[in-house]
Amino acid sequence: MSTLRTHDGRSAAEITGASRQDAGRAPGFTNGHKGEAGTGELVRQATQQVSELMRAELRLAVAELKDKGRHAGTGAGMFGGAALIGLYGAGALLAAAIAAIALVLPVWAAALIIGGFLVLVAGVLALLGRAQTKKATPAKPEQAVDEARRTVADLKERAAHR
């Protein structure tokens with residue numbers, strides 16, 4: 001068990017002249033029930049538990065933000081892929097239009113089919129990218145915030161019933 005020390009290195013027991021046996025009790029008071037934790041011990045336990053709880057909430061928030069960041073990255077990559085394939089599709093459609101004017105039928109028909117296919121692929125990638133991006137918004141750790149709110153409400157309720 002560690003002892004809190006002042007800036008000059010003295011412990012609270014040294015300052016008050018208390019012995020090691022009664023360091024956890026207030027001067028002049030005795031603990032009527034042996035085996036029960038003193039107020040100081042209860043406060044220490046509560047502080048430790050709240051600290052552990054807050055660390056757990058922060059770990060949850062970090063994990064949630066990482067997950068949302070991964071979805072945002074995947075969605076952005078899919079949007080980029082959709083843009084590139086859409087550009088190829090536009091090029092193929094332009095080639096089809098040029099071929100349609102230059103030759104009456106065979107070349108432009110093939111180019112039109114390829115261009116239409118590429119535009120269709122770009123549309124599917126855009127929809128998939130949009131779905132991934134929706135999973136990443138809003139960029140706040142909703143589960144961690146909700147859990148922290150429930151914890152605070154629970155602590156308030158328990159404090160009110162004491």
Trainee: Should L87 and V121 be regarded as members of a common hydrophobic cluster, given that ILVMFWY residues are connected when their side-chain heavy atoms come within less than 4.5 Å of each other, either directly or indirectly?
Mentor: no

Trainee: Do E147 and R150 meet the salt-bridge criterion of a basic N to acidic O distance under 4.0 Å?
Mentor: yes

Trainee: If you measure from CE on M78 to CG on L127, what distance do you get to the nearest 0.5 Å?
Mentor: 11.0 Å

Trainee: Identify the residue among K135, Q132, K134 that makes a side-chain hydrogen bond (donor to acceptor under 3.5 Å, both in side chains) with H71.
Mentor: Q132

Trainee: Do the non-hydrogen side-chain atoms of L125 and F79 ever get within less than 4.5 Å of each other?
Mentor: no

Trainee: Identify the two heavy atoms, one from A122 and one from G86, that lie closest to each other, and give their separation to 0.1 Å.
Mentor: CB-N, 3.7 Å

Trainee: Could you tell me the separation between the CZ atom of R70 and the NZ atom of K66, rounded to the nearest 0.5 Å?
Mentor: 12.0 Å

Trainee: Taking T47's backbone N and O only, do any of them form a donor-acceptor pair with S51's side chain (distance below 3.5 Å, no angle check)?
Mentor: no

Trainee: Is it the case that the side chains of E52 and Q48 hold a donor-acceptor pair, with the cut-off being a distance below 3.5 Å and no angle test?
Mentor: yes

Trainee: Taking a hydrophobic cluster as the set of Ile, Leu, Val, Met, Phe, Trp and Tyr residues connected by side-chain heavy atoms closer than 4.5 Å, whether directly or through intermediates, do L58 and L53 fall within one such cluster?
Mentor: no

